[in-house]
Amino acid sequence: MSDFGPAELLTGLCHTDEENPFPLWQNGHIGACFNQLVLGALPHAGMAIFSACYLSMTSPPCGWTLRLVSALLAVLLFTADVILVSILQQDDMYLDLLSDCCAILAWLVHFSAIIVLQKTAFRRTRGPPLLFLLVLLSAPNLVITLMVYCETEGYLNLTEPLKLARFVLASARTLPVLVYLLAFVFPCISDAGYALHVNMVDGSPLIQESIQQDTGEIVAEDSSGCISRLFYLWLTPLLRRGQRGELERPADVCHLPRNLQEPLELEGDVGLLRVLHKAFSLRYYMLGVLKVVVNMLSFTGPLLLSSLVNFMEEEGAPVSIGAWCALGLFVTTLLSSVLRNIFVFEVSKVALSARAALVSAIYSKALRVSGSSLTGFTLGEVVNLMSTDTDRVGNFFSSFHELWSLPFRFSITLYLLYLQVGVAFLSGLGVALLLVPFNKFLASRILSNNKDMLRHKDSRVKLMTEILFGIRVIKFYNWEPHFTQKVAERRKQELSHLKAIKYLDAMCVYTWAALPVVISILTFVTYVMLGNQLTAAKVFTTLALVGMLIIPLNCFPWVLNGILEAKVSLERIQRFFKLTNQDLQAYYALDSQTSVLLSQGTFSWQSPGAPDPSKEGEGSLVVVVGKAGCGKSSLLAALTGELNRLSGVVYVADREAGFGLAAQEPWIQHASVRANILFGKDYDPHFYQAVIEACALSDDLNVLPNGDKTEVGENGVTLSGGQKARLALARAVYMDKDIYLLDDPLAAVDTDVAEHLMQKCIMELLRGKTRILCTHRIEFVDKADLMVLMDNGTIIKTGSPAEILPLVEAVPKKRKNDHNAKEKGDTDGGEQDEDALGFPPDLCVDDDADPLGAEQKQVGGLAWRVYQTYWVAVGGVLASSVLMSLLLMQASKNISDWWLSHWISELKNNGSTTSNASFTGSFGSSHLLLFSPGGLMSPLHSLQTSPSSNMSSDVKFYLMVYSSIAAANTVFTALRAFLFAYGAICAATAIHNRLLDRILKATVSFFDTTPLGRILNRFSSDLYSVDDSLPFILNILLANIFGLLGMLVVMSYGLPWVLLPLLPLALLYHRTQHFYRHTSRELKRLYSLTLSPIYSHFSETLTGLGTIRASGSSIRFEEESAKRLEQNQRCLFLSNAAMQWLDIRLQLIGVAVVTGLAVIAVVQHQFRSVDPGLVGLSLSYALSITTLLSGLIFSFTQTEMQLVSVERTEEYSTGLPTEPQHQNAQLPASWPERGLLEFRGAVLAYRDGLPNALDGVSLVVRPGEKVGIVGRTGSGKSTLFLALFRMVELNQGQILLDGLDISTVGLGQLRSRLAIIPQDPFLFSGTIRENLDPCGCQSDQQLLDVLDQCHLSSVVSRMGGLDAEAGERGKFFSVGQRQLLCLARAFLTRSKVLCIDEATASVDQKTDKLLQQTIREEFREQTVLTIAHRINTIMDCDRVLVMCGGKVAEFDTPTALLQSDSSIFHRLVGGGATERH
């Protein structure tokens, strides 16, 4: 034994030759010894050692659980093998025992390691990859062992049960290994704690299992393995949450996957298409390859089905053929559905990225585009680029691959058709091809109409924007009927194009629906005329193929249309991108010693301006004065770079730091007061308080319900004019810049406040800064270091105040001649207005805080009321006729299928065909055609036909009947298409008219508390859905429902037992779709909800572009926009994912049905109890019914989603508070004849629980009397006017006009007999004539006279007369000129009572004086109430009304009040400084 070495040991263990103790290859395969020791024992030993290393580290996700279970299973199986080896006692028993024991040890240690690992940070990962490799290394041993067993005698023999048992155990061992490997590769995330968290630090302790994880913290998709991605298991937590009804806020939705989070950078002037191509091409074209595979697979199903039926027909066919067919069907249908699903989802991701890129690019372009080039676009158009056009470009991505794949499918089908009927197919194809140019013509008409429709939609949305901006003016002047008329005209033009589009669409639908029948009949006739004999196989195969042919032809126009629409939208966006950007480098000169330098500058908005030489030193106060419209604001715009510099030099020190700009029209954000002031800067309590004090905001903040946390409405609607001006000033001051541009911040405030601002803010807080102040309040300018006098866009003179002041107008140096300010603009009077909004006391300061009532998301299912609304909008009779025509269309289709099968059976009875005819009959139904074209690709046995003389007459008879049924079918199809189009138009008209009517009748408080974007959203995107998307998808839904009914009827007629397996299936479908629909609906609603903020933020940005750019806050606004967009993208992405979640499940159910039926058929064939025809019928119907059902759920869900738009419009059409609409029939035409106005105990509160804005006001204003109204902020001055115009109804008391209680008069009657000049001058875009006299009641001469009285005739004639454009919201006029135009409007009404609400605040003293004179002369006979601003206005009044806390404090002549030392008026005027001018 001394020579006993390793070789002898091996020889003994392996029973091998001593010369070759360790053979690698033995008996045609790898040697048993090498297999068991090197491939078996060695990896297991390694696995044991390395697993043991993890034992020293200090409910689990299901991936780990599976690995645990598989390790345990492996241990048990190897143990069983050890027992069997011991019993068998074969030659290589010890070798097997060694190998098995190693394996048992390895798996046991590994099992323990997994338990340990689960308690460490590894549990959230797959664990160490080394373990995976070790398990993988043991796989070859298993495979080779199985191969050896298969080839060795006895292991597959039933007579040797022990050996057979070893084979079974070895086979069973593949299961744990496979499960283990799968669990490693695809760790699933059924457990919430396993998911990748946004803010989880690796190794941090995990949430306890019991706590439900918040879906809002999961990153979608990223953390999931392949299986989870394939079947969308990562969506389950979200779907569960949706089903529980807990998806309420956008924050509840998962985050976007990483690859969708990086936004694309799009730079301006490059071709958009090129950029998109560069960004997405590779990913997108790879999907094209996937599409080819999916297309090829769509042909395999029918081909296999045909082979299966052939197998059925052969009595003694080997069972393996059938099994292969069934297996092939399973694999191809499974593969096809999975790949198609992946394709659709990936395409939607690309479209999503592109949309995000476009929206952010449009936003950042808007921030950079120069002011002058932006004038070519209106606000509505730019917002539309972001809403409609980006969506259309997104749709392009789904259309593009169809563009090439449809012709590809088409050509393959044609080839298969040629194999069936030879050249006869050309006649049918000819007709189809003839339709292509016709369709191209239809498509081009649709496209041109679409362009026009969008143009009119743009103009309608633009008009609606203006109406909503100027809703108060419209109500004051009772112009609602006129503007309703204007909107109706534009809507009519829009609908005329929509009508054309819908009818052309109906034409398309009709031609394609009728086509299959026409083609098949033509093909058959040609075939017979060529001398061929028609057989059943030929008839049905051809029909099947024709059906397959139609699909590409049918989709093509839609696909083309989508691509062309995207092209139009891309061009529109491209045009916007081509606008020139602000080039501040080129605009400003380089270094200079001063702070601001302007030398020989010529600037223009569009047309050339004039030279402006001017120079300001650092830290100086420069005051710019001049009459209204002389170019003061333009001078500031020239400094900020908003104008075009034509020549000259501009220099601004440290331009990057930006300016502190307080614009003349204060731009206020829809946020809290504090957020408005901070404007993105950090909160510094001391400085903040100083700013509040300096800007005289302390009192106002005490009045506001939540202090500086109070939310201000859009454009600051909930603040008065003076508050808005001071808030804008405070924002500018808080920015702490070196240069301040202040555009008339003193105009809108009372004298003492103006003095406070001048002293505390401009002189003290801003000391040492360069300040350029434009103002009309020349009593304050003596402190200026430099004065600039402007006229007609030119600087006439610069110098010290002493030199310039005499040129403007002599005024007393110092006087408190002014009293309460223009403190209330476009709101419901006084500061009570803020109270009127009654904000909740516990305002949360998070992003979602929107105390103006965040837009409410409807919850739960759509109420039947919504369906009913749409039914009523279409019209009951019309809707019933549409359903009837659909029913007839479906019935005629099914009858034609039945007729074909009847014809076949007749032929069969005549003995002219073999038994397989019954199968081919099954393919008559054009529904199968989609799937079963191939059915018949391999022609079945050639059918023998005995040519008999009556055959052709039979064929003629059958063809005649078939043709008549087909003709009836085309008639019904046409009827359905056109009736449906007409119904859609009726509904669109009705819904819009109701919405518009209700919005214009809504109370003013509704507009104060609702952001404009929210109302506009109803008029743009929601109406677009009602006009276009809803009818389109509803049409598909109805076709699906009737198609399904028809199919069930035909199936149950032909094969009643097919209904049995459908019952459990129906239950499964119901559960799946129910689970899906909850979440899908909520996601769609959240998507709509997060869409409004994107648009409203965008329109807010466009409105405040000057301020944002001057202060250098563009980047912050881009980030805010990106944040809002990301929330919206999250909802959209998950909406798409949920759709695919449903799709893959429905496809799998379909796969199961097909495979099941095929297997049953093969089994039954063995018992010879099968009819091949019935098998063919069942399978083809099984294939089509699953697709139809999935189509049904999709179209139903989509319809539900689109109906949300009807729900949203309906919410406004029925739920808005409206003003009383009654009229007084007995009202005399001349009322009020005298203008006698009396308030009797008037009490008014804006809402219950709020203090009274008017508290028992009683006063009488005599006919023709001029009354000035003064009082502190919130004393109820403006509320008097609002009560008089019944903008807000009195709680108690009366207001009498000429002795008649105004509450008995219709609102329209009342407002048309009164005139008002509101505080905020509002102009509509349109001509000057339309602005003065929208209703066209006055002659041109009257208009010109009025302009002359208002000192505007020179300006208007310079602009081009009455037909000159005023620009969007009057932007071609200065603010002062706009106020004069509003004054002219009031002059035209010639009413007996005129109310003036601080109408001349932005007008220079000189013009103001002239105007006061005009008012005195023109309105000698009228009663005039003036909320005054300049004290001299009041001094000329007959009496002065002093309001205090909603009560009448004093009411007497100015002289009497001034003589009483205790009077408030006396104090206001400032100790009797009553000089008048």
Side-chain angles (χ1 to χ4, degrees), residues 476 750 817-822 824 1232-1239 1257-1271 1275-1285 1295-1298 1313-1319 1346 1349-1350 1379-1380 1382-1401 1403 1405 1407-1443 1448-1459 1463-1466 1468-1469 1474-1477:
F476 276 134
D750 11 341
N817 63 348
D818 233 307
H819 68 285
N820 178 32
K822 168 176 173 178
K824 184 63 204 132
E1233 287 171 29
R1234 300 159 54 221
L1236 169 66
L1237 182 63
E1238 184 180 352
F1239 280 76
V1257 172
S1258 298
L1259 58 102
V1260 179
V1261 180
R1262 298 186 281 271
E1265 193 173 19
K1266 312 288 177 279
V1267 174
I1269 306 172
V1270 297
S1275 59
K1277 306 182 300 293
S1278 296
T1279 312
L1280 284 174
F1281 286 1
L1282 293 171
L1284 179 57
F1285 278 81
I1295 300 175
L1296 305 179
L1297 187 53
D1298 274 11
R1313 314 286 170 92
L1314 301 171
I1316 187 166
I1317 305 170
Q1319 183 184 14
V1346 164
Q1349 288 165 354
C1350 293
Q1379 283 190 324
L1380 296 178
C1382 293
L1383 194 64
R1385 246 183 222 162
F1387 280 12
L1388 282 170
T1389 52
R1390 298 276 172 233
S1391 65
K1392 276 290 176 194
V1393 179
L1394 171 67
C1395 301
I1396 303 176
D1397 191 351
E1398 306 173 340
T1400 53
V1403 180
Q1405 304 253 332
T1407 315
D1408 185 24
K1409 196 171 176 197
L1410 292 168
L1411 284 175
Q1412 297 304 338
Q1413 204 175 329
T1414 313
I1415 291 173
R1416 283 196 290 277
E1417 289 165 10
E1418 289 298 317
F1419 292 91
R1420 259 196 319 277
E1421 307 296 316
Q1422 279 92 324
T1423 305
V1424 181
L1425 305 177
T1426 309
I1427 293 182
H1429 188 73
R1430 295 194 164 108
I1431 215 75
N1432 49 1
T1433 324
I1434 296 291
M1435 298 318 227
D1436 290 335
C1437 289
D1438 300 326
R1439 284 197 285 172
V1440 173
L1441 167 66
V1442 182
M1443 295 290 292
V1448 176
E1450 297 166 4
F1451 189 28
D1452 209 336
T1453 60
T1455 326
L1457 290 173
L1458 283 172
Q1459 282 161 2
S1463 91
I1464 302 173
F1465 183 64
H1466 184 275
L1468 273 173
V1469 173
T1474 58
E1475 302 96 332
R1476 293 196 222 168
H1477 300 276

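Computation of the quantities below employed the complete heavy-atom set of this structure, encompassing side-chain atoms and omitting hydrogens, waters and symmetry-equivalent molecules.
- Side chains of F1281 and I1269 form a contact here, defined as non-hydrogen atoms less than 4.5 Å apart.
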- [ ] Begin with the C-alpha distance, continue with both residues' side-chain angles, and end with the deciding distance and a verdict on side chain to side chain contact (heavy atoms under 4.5 Å, CB included) for E1421 and K1392.
- [x] CA-CA 8 Å; E1421 307 296 316; K1392 276 290 176 194; 4.2 Å; yes

- [ ] Check step by step if side chain to side chain contact (heavy atoms under 4.5 Å, CB included) holds for F1239 and L1280.
- [x] CA-CA 9 Å; F1239 280 76; L1280 284 174; 3.8 Å; yes

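- With sequence neighbours excluded, the residues satisfying salt bridge (charged side-chain N to carboxylate O under 4.0 Å, His left out) with R1439 are E1265.
- From L1425, atom CG reaches atom CD1 of I1316 across 9.5 Å, with rounding to the nearest 0.5 Å.
- Side-chain contact between L1282 and F476: present, with at least one pair of heavy atoms (C-beta onward) separated by less than 4.5 Å.
- Here S1391 pairs with A1315, T1389 under the side chain to side chain contact (heavy atoms under 4.5 Å, CB included) rule; sequence neighbours left out.
- Contact check for L1314 versus L1297: side-chain heavy atoms found under the 4.5 Å cut-off.
- Judged purely by atom type and a 3.5 angstrom limit, T1453 has no side-chain atom pairing as donor or acceptor with the backbone of D1438.
- No side-chain heavy atom of V1267 sits less than 4.5 Å from a side-chain heavy atom of L1237.
- Looking at H1466 and Q1459, their side chains never come closer than 4.5 Å, going by heavy atoms from C-beta outward.
- C1437 and G1268 make their closest contact through SG-N, 3.5 Å (heavy atoms, listed as atom of the first residue, atom of the second, distance).
- L1236 has its side chain within reach of V1260: a pair of non-hydrogen atoms, C-beta onward, lies under 4.5 Å apart.
- Looking at residues two or more places apart in sequence or on another chain, you find no ring pair (Phe, Tyr, Trp, His ring centres under 6.0 Å) involving F1451.
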